[in-house]
Amino acid sequence: MFFTQNPEDNLAINDRQKELLEEEVDETEEQFYYATQWQLMWWNFRKHRLAVGCGILILFMYLMVLVPEFIAPYEPSTRNRRYANAPPQRVRLVSDQGFHFRPFVYDLTQEIDPETLQRNYVLDKSTIKPIRFFVRGVDYKLWGLIPSNIHLFGVDDGMLFLFGTDRLGRDMFTRVIYAARISMSIGLIGVFLSFVLGLTLGGISGYLGGRVDNIIQRIMEIIRSFPQIPLWMALSAAIPPHWSPVRTYFAITVILSVIGWTNLARQVRSKIISLKNEDFVVAAQLSGTSETRIVTRHLIPSFMSHIIAVITLAIPTMILAETSLSFLGIGLRPPVVSWGVLLQQSQNLYALTQAPWLMIPGLFVVVYVLAFSFLGDGLRDAADPYGGMKR
Amino acid sequence: MLRFIIERLLTMIPILIVISIISFAIIQLPPGDYLTTYIIQLEASGDSVSQSEIEGLKQRYGLGQPMHVQYFKWISGVVVGDFGYSFEWNQPVNTLIWERLGLTLVVSISSLLLTWIVAFPIGVYSAVRQHSPGDYIATFVGFLGLSIPNFMLALILMYGGYRLFGMSIGGLFSPEFVDASWSWAKFVNMLSHLWIPMVVVGTAGTAGMIRIMRNNLLDELGKQYVVTARAKGLSTVKLIFKYPLRLALIPFVSTVGWLLPQLISGSAVVSVVLNLPTAGPLLLRALLGQDMYLAGSFTFLLATLTVIGTFISDLLLAAVDPRITYD
């Protein structure tokens with residue numbers, strides 16, 4: 001509601017104040033009636049604190065993956081033989097010498113257990129390695145253009161493994177950041193493709209109706225009756241292993257969207273069917289507006305808000321699918337790193353018990369998907385601008 | 001009603017035919033096939049493999065002939081219950097799949113039951129006590145359940161199980177029962193292992209169902225007949241159970257149609273992680289090894305199960321909601 005105060009509750013106040021209050025109410029009410037659909041949506045959305053927060057978080061994550069070279073202290077494929085399966089280093093502020101203003105880590109040294117002959121890492125408490133920001137490190141070219149060697153954080157000498165390393169001694173934090181770029185973009189591209197397919201086919205199906213509608217409906221029914229994951233598995237297993245990583249990446253995206261578009265098409269179709277007979281559309285038809293104009297000018301804008309919400313909710317599904325496929329080893333393949341590819345290392349119980357930090361990429365999947373779900377939920381509520389504001 | 005069932009059954013036939021074609025096409029996609037490799041292997045090993053045996057195999061599966069000929073050879077076998085031959089296992093597909101499909105159904109249906117048993121009361125509670133702390137907790141846990149990939153949950157449970165009990169909790173049977181024939185003891189043993197896949201596979205579905213139940217019931221609770229009933233002084237419990245709950249149940253029932261395929265799908269990945277003797281791991285292996293008849297038959301049968309699931313949900317829907325017309 002827009003009223004912060006109800007004038008009727010303020011019987012004790014004088015007339016002048018009452019007048020002022022009423023004016024204020026009139027203004028907000030006027031705003032409500034003159035606001036465009038998008039403004040109403042925005043006002044509605046703003047009230048969803050959680051959804052707004054999640055939107056900001058997602059934006060932040062995407063900004064981060066724009067510059068992975070800068071955020072990550074190392075390169076994703078650099079192997080550090082001396083630090084295989086190293087546990088995450090804890091960032092500390094207090095040492096034996098007292099409190100430090102600059103966060104630091106202890107160096108790790110390897111010891112071999114004389115009895116079990118297992119390698120263990122112990123903290124070398126004699127060396128304090130302060131974490132510095134904007135340090136110079138590995139050379140890279142940002143977006144292939146700007147040469148630089150400045151990294152967001154790092155230590156002067158020695159290594160810094162915030163999330164530990166894998167069995168080849170590759171820094172997990174670096175790999176998670178680089179993987180985020182692949183995982184987070186595959187969701188967007190996949191959803192974009194299924195959006196184009198869904199909008200076109202769903203639109204045609206709903207608007208034309210009749211036989212075309214029937215055929216498209218049957219096709220969708222057949223695709224939907226396949227259990228998704230086995231179908232995904234079958235299709236991705238068919239990607240030739242000799243394809244380049246980039247080609248595999250696009251093939252996977254296409255596979256995900258070929259199956260994913262049906263849901264969107266269904267939504268578009270039902271929206272168009274319900275809108276087709278609305279007065280404003282009939283009026284446009286009667287005044288001789290061309291069909292293309294009706295669709296692009298009247299129909300699409302009316303259900304766009306709803307579609308945006310549906311799309312937002314479709315992105316997590318894509319991510320989960322890609323993660324599952326890569327985890328099984330039939331999605332993206334190394335050297336391309338995605339969260340699913342990283343999780344593949346934790347597939348067996350032995351690896352899991354030896355290096356539980358290999359599950360960290362999963363945490364990122366959960367956070368990302370959760371954020372998108374809340375954002376989508378908020379958008380869906382806001383997409384019906386007149387629904388929540390009945391008085 | 002009978003006519004509705006028959007008509008619905010008839011529409012399944014063309015869908016199944018198309019599904020079988022797609023299943024077959026998919027397994028034909030990868031270049032090369034197992035049979036060729038198999039024959040080369042046979043020849044290379046220098047065993048006394050006769051030319052006639054190779055010819056027999058080629059003849060039997062239409063190798064080297066156009067795709068549609070191969071398809072008809074396969075599908076005419078399927079119709080009489082012969083799903084072809086697994087070259088990797090050196091066994092007819094029939095002996096490999098049925099027990100695994102059965103166990104897939106056991107896992108999926110028990111997850112479905114768990115989903116309902118858990119989601120129903122929580123959904124009702126969330127709707128009736130909207131905006132209460134309990135509702136918020138349920139909503140949050142629900143979203144969390146939707147966001148955790150199934151296999152992650154399986155990994156976490158496996159890790160937790162190992163840390164707590166010091167043993168691997170994968171599999172569906174204890175080692176001594178794996179190869180045993182079916183008996184009461186084996187069945188009981190299975191039940192004691194079943195809960196982990198049940199929980200893992202059921203979580204995402206449960207979360208979705210809670211949302212659906214909550215939203216449906218909330219819609220109903222806002223309607224005028226509920227207000228009238230309240231005004232008449234009907235007790236809250238009676239009021240909710242008498243009408244709104246029944247109406248809210250309709251979409252709940254119809255979700256079997258999409259929940260069952262989702263569960264079958266979900267169990268495929270989970271089974272690989274938890275090493276369950278269900279369809280998932282075998283299908284994955286067959287797909288990777290291009291064991292075409294095994295992979296194709298599995299894909300086809302899983303899709304068939306899905307179509308049947310949709311059919312059952314349509315029937316249930318028609319039974320629950322008398323407003324559905326049968327034409």
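Residue numbering restarts at 1 for every chain, and letters A, B, ... go by the order of the sequence lines.
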| query | Is the shortest heavy-atom distance from the side chain of A:V365 to the side chain of B:P149 under 4.5 Å? | reply | yes

| Atom CG in A:L363, atom CD1 in B:I148: separation rounded to 0.5 Å? | 9.5 Å

| B:L144 portion near chain A, given a 4.5 angstrom heavy-atom threshold | both

| request: Would you indicate whether B:Y71, at its atom OH, is surrounded by more than 12 heavy atoms from other residues, nucleotides or ligands within a distance under 6.0 Å? | output: yes

Counting heavy-atom pairs closer than 4.5 Å to chain A, which one of [options] comes out on top?
options	value
B:L283, B:N150, B:L155	B:L155
B:T304, B:T11, B:L284	B:L284
B:V272, B:L302, B:L16	B:L302
B:L305, B:V18, B:I19, B:I22	B:I19

| Between B:M152 and A:M359, which heavy-atom pair has the shortest distance, and what is it? | CE-O, 4.0 Å

| query | What residues form a ring pair (Phe, Tyr, Trp, His ring centres under 6.0 Å) with A:F327, not counting sequence neighbours? | reply | B:F151

| field | Under the ring pair (Phe, Tyr, Trp, His ring centres under 6.0 Å) test, residues paired with A:Y368 that sit two or more places apart | value | A:W339, A:F372

| said: Please classify the contact between A:L370 and chain B as side chain, backbone, both or neither, with a heavy-atom cut-off of under 4.5 Å. | reply: both

| field | chain B interface, residue from A:P316, A:S373, A:A371 that has the most non-hydrogen pairs under 4.5 Å | value | A:S373

